[in-house]
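To start, the structure under review is shown below, and the notes come after it.
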Amino acid sequence: MKNITLIKGDGVGSEITDAVIKIINAAGVAIDWDIQTAGADVIEQEGVPLPKRVIESVKKNKIALKSPVTTPIGKGFRSVNVQLRKELDLYANLRPCYNLPNVKTRYDKVDIVVVRENTEDLYAGIERQVDEDTAESIKIITRTASERIAKFAFDYAINNNRKEVCVVTKANICKLSDGLFLESARKIASFYPQIKFREILVDNCCMQLVQNPNRFDVLLLPNLYGDIVSDLCAGLIGGLGIAQGANIGSDYAVFEPVHGSAPDIAGKDIANPTAMLMSAIEMLNYTGEFEAAKKIKLALFETLNADIKTADLGGSAKCSEFTDAIIERLAVLS
Ligand code: NAI
């Protein structure tokens, strides 16, 4: 029996989490879930949105599956997600982005992996009100973090049979901060002659991704550009409902979908659980449950191929109906 932390967020979090747990159970994987809540709902009782118990649980179990947590916009508490990644030093945000079967998109054969630095940049949260009409945010880029994430991207490329790493910056404008990220990537690239290395500015990268995503393989980005570009890549393959993600550090790993708490569709049983399920599949692979991961992915793909889809993909299945359809197919595969 594996012990895994399950961080339950808010918004669509509980619907997609319940769906994914049901599917994992149906696949016969024995997991003892250590259920932890975080976000606005726990502030009243515990005073903070990310209580220490959540961090302690991940430290104990080493692995977590997490659903989205709302962050108030322009005011309120700091992002639970950013805090969690920082406290556990989950320095690599890994977001593989590829076409799923029978999900119609503008481009075929998209297969991009976004590797986003996860601990610094503008997400360090160092901001101040200089005066009533001026605010300031500080962008932190360090050599240590930049080299570490570059090494992660190149190791990932080697281990996953990828051909190219493309570093994405705005080093023409942010000459020192993005300049340091770029310089670090160049240095690490020199140790991996078998992997092609390319440099691109983030604005040009966005334009080219939209025009011809097949030109890209592994993208390596600082935190903010990585956040934005990974949503763009999600759009290329059918939207946030299917985009998976993982936060990986030296000691711990937290798997979660790219999307947020989607308050506009929460509580209606219409959210697509695929992004969370794909993240959970990678979590199962990470824990060595290769067979179960393979079976669940097959059942998911068969469900999509049978044209059973949620509304975000143009279908009419509810989240619960889509989940049941996957479980039915799993039963046949078992
Ligand atoms: P969002 O990702 O929650 O939603 C953007 C759009 O995608 C919405 O139209 C939503 O309905 C749709 N969408 C998202 N997930 C979907 C799913 N599973 N199925 C079908 N449609 C889906 O982004 P938004 O609205 O900007 O953020 C809402 C909240 O989530 C904010 O408080 C934000 O800070 C937080 N957030 C949390 C993240 C996390 O916990 N890792 C990541 C991103 C945002």
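Positions are given from 1, in the same order as the sequence printed here. Side chains included, hydrogens not; waters and symmetry mates left out as well; all remaining heavy atoms used. Remember, it's 1-based here, ligands and their atoms both numbered in the order they're listed.
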Give yes if a backbone or side-chain nitrogen or oxygen of V69 is under 3.5 Å from a nitrogen or oxygen of ligand 1, and no if not.
yes
For atom 36 (N) of ligand 1, what is the nearest protein heavy atom, given as residue, atom name and distance?
G260 CA, 3.4 Å
Is it the case that the side chains of S184 and E147 hold a donor-acceptor pair, with the cut-off being a distance below 3.5 Å and no angle test?
no
N-O pairing of R148 and D89 below 4.0 Å
yes
List every atom of ligand 1 that sits less than 4.0 Å from any heavy atom of N81, numbering the atoms from 1 in the order shown and giving each element.
37 (C), 38 (C), 39 (C), 40 (O), 41 (N)
For R85, is there any backbone N or O sitting under 3.5 Å from a side-chain donor or acceptor partner on N93?
no
Which protein non-hydrogen atom lies closest to atom 41 (N) of ligand 1, naming both residue and atom, and how far is it?
E256 OE1, 3.2 Å
My understanding is that only one of I195, I149, V218 makes a side-chain contact (heavy atoms from CB on, under 4.5 Å) with F154; could you say which?
I195
Under 4.0 Å, heavy-atom basis, I'd like to know which part of T70 is in contact with ligand 1: side chain, backbone, both or neither.
both
N102 side chain to L304 backbone, donor-acceptor under 3.5 Å
yes
Neighbour count above 12 (heavy atom, 6.0 Å) for R78 CZ
yes
Flag: protein heavy atom within less than 4.0 Å of atom 11 (O) of ligand 1
yes
Pick one of side chain, backbone, both or neither for how K268 approaches ligand 1, counting any non-hydrogen atom pair under 4.0 Å.
neither
Please tell me if atom 26 (O) of ligand 1 is touched by the protein, where touching means a protein heavy-atom distance below 4.0 Å.
no
Salt-bridge contact K59-D251 (side-chain N to carboxylate O under 4.0 Å)
no
For the backbone of D155 and the side chain of N159, can you confirm whether one donor and one acceptor N or O come within less than 3.5 Å of each other?
yes
K66 heavy atoms within 4.0 Å reach ligand 1 at atoms 39 (C), 40 (O), 41 (N)
Flag D264 as yes when one of its N or O atoms lies below 3.5 Å from any N or O atom of ligand 1, and as no otherwise.
yes
Nearest candidate to atom 4 (O) of ligand 1, where distance is taken over non-hydrogen atoms, out of A275, P273, A262:
A262
Please list the nearest protein heavy atom to atom 6 (C) of ligand 1 with its residue and the distance rounded to 0.1 Å.
L240 CD1, 4.2 Å
Could you tell me whether the side chain of N118 and the main chain of Y91 form a donor-acceptor pair under 3.5 Å?
no
Hey, does the side chain of K294 reach the backbone of E291 with a donor-acceptor pair shorter than 3.5 angstrom?
no
Considering only heavy atoms of G241, which atoms of ligand 1 have at least one such atom less than 4.0 Å away?
17 (C), 18 (N), 19 (N)
What atoms of ligand 1 come within less than 4.0 Å of a heavy atom belonging to N272?
17 (C), 18 (N), 19 (N), 20 (C)
With a 4.0 Å heavy-atom cut-off (strictly under), which part of D312 contacts ligand 1: side chain, backbone, both or neither?
side chain
For atom 32 (O) of ligand 1, which protein heavy atom lies nearest, and how many Å away is it?
T71 N, 2.8 Å
Test item, V258 contacting ligand 1 (heavy atom, 4.0 angstrom)
yes
What's the shortest heavy-atom distance between F181 and P222, and which atoms?
CZ-N, 3.5 Å
To check your reading of the model: name the closest protein heavy atom to atom 28 (C) of ligand 1, its residue, and the distance in Å.
P263 CD, 3.6 Å
On a heavy-atom basis, I'd like to know which of C319, S261, A271 is closest to atom 29 (C) of ligand 1.
S261
Under 4.0 Å and counting heavy atoms only, is there anything from the protein next to atom 15 (N) of ligand 1?
yes
When rounded to the nearest 0.5 angstrom, what is the spacing between CD1 in I265 and CD1 in I270?
5.0 Å
Indicate, as side chain, backbone, both or neither, the part of I265 found under 4.0 angstrom from ligand 1 when only non-hydrogen atoms are considered.
side chain
With respect to Q36, which candidate in K66, K8, E56, R53 satisfies the side-chain contact (heavy atoms from CB on, under 4.5 Å) definition?
R53
So for M276 against ligand 1, with non-hydrogen atoms under 4.0 Å, the contacting part is neither
Looking at N223 and E120, would you say the former's side chain and the latter's main chain have a donor-acceptor pair under 3.5 Å?
yes
By number and element, which atoms of ligand 1 are closer than 4.0 Å to a non-hydrogen atom of R85?
41 (N)
